[in-house]
Amino acid sequence: MSFELLDGKALSLTIKEEIKEKVDQIKEKNLRPPHLSAVLVGNNPASESYMKNKVKSCDVVGFTSDLIRRDSDATEADILSIVHDLNKDDGVDGFIVQLPLPDHIDSEKILLAIDPSKDVDGFHPHNFGCMAQGLDCYLPATPYGILLMIERHNIETSGKHVVVIGRSNIVGTPLSILLSRKTDVGNATVTLVHSRTKDLSSITRQADILISAIGKPFYVTADMVKDNAVVIDVGINRIDDLSRKSGSRLVGDVDFEKVSLKSSYITPVPGGVGPMTVVALMLNTLSAYNKKLS
Ligand code: NAD
């Protein structure tokens, strides 16, 4: 069976080009471009790399951006004070606080302090609630990126059985809600499975669209997937690989080599969902900018 690659890298470049055209029009009117701020605490290598991509993408689409860094011993009060300043700053359309934060900082407290109108990661309960009710909001970046990927590849979701593995607040749970809404790229019958699900494989085998967001390398094997399924791999896992100079490489949750042979569409890792998450963040920032002007 031949599969089509859901190439998030290529699609993200196309969408970034579309965003850039809009930003060019803004600049032609002598208005300031959208601005995204980012807060990074500590030096987690994965977070450093995600941040680098986000800042670089701002440059590509013509946004301005700034990265506010603090050492891992920064206090919760320090970070709350940064959040309050960003909330008040009229020159900042949206901002993100990169997770995970060091253990001594209460992430929930920090996320709750973010003004929902600037919460372009879409993590604030206000945005989550509006998303669940189909009201205007910032969609959480990773689920939003996945919806865009499905939409741009004209993959039908209406009436399909979608199985989402993993129930986090930032990926699995919002995805399950979004895909079951009565909208385009919705109207699916969604099953959310997780670590307490019994006989998980018997459920994943029923999926027309299977989405894995658990963070376990090669967890989804070919016997868990129906023939011709669409497979979307959100997982990002670093595993040892002595054939690489770095001694490691990134893989998803899905055993790509074998699962791809049964799939109609499948995302690679890296180069699948990751770049789409960044593009969704850019779209949310543009929308924050436009809302401020209107
Ligand atoms: P999380 O740890 O918050 O949640 C993982 C979920 O998986 C939990 O709900 C848990 O119940 C479930 N789970 C764990 N083991 C399981 C098992 N054996 N069977 C069934 N369910 C199981 O993780 P998260 O933040 O949602 O991230 C998940 C993965 O996606 C990670 O690898 C993360 O790095 C990646 N991620 C990627 C992007 C991207 O842009 N590509 C964005 C966010 C997260």
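Reckoned from all heavy atoms, side chains included, excluding hydrogens, waters and symmetry mates. Order of listing sets the numbers, starting from 1, for every ligand and every atom in it. Just so you know, residue 1 is the first one in the sequence shown, and it goes up from there.
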> Taking atom types as modelled and ignoring hydrogens, do the side chains of K258 and T221 form a donor-acceptor contact shorter than 3.5 angstrom?
Replying inline: no
> So, D93 and K292, do they make that salt bridge, N to O below 4.0 Å?
Replying inline: yes
>> For residues 193-210, which residue pairs pass the salt bridge (charged side-chain N to carboxylate O under 4.0 Å, His left out) check, not counting sequence neighbours?
In response: D208-K226
> Mind checking what residues have non-hydrogen atoms under 4.0 angstrom from ligand 1?
Replying inline: T142, I165, G166, R167, S168, I170, V171, H194, S195, L200, A213, I214, G215, K216, Y219, V234, G235, I236, N237, V273, G274, T277
> Can you check whether G186's main-chain N or O pairs, donor with acceptor, with T157's side chain at less than 3.5 Å?
Replying inline: yes
> With distance as the sole test, does S168 use its side chain to make a donor-acceptor pair with the main-chain N or O of V171 at under 3.5 Å?
Replying inline: yes
>> With a 3.5 Å distance limit and no angle check, can you tell me whether D240 reaches the backbone of S248 through a side-chain donor-acceptor pair?
In response: no
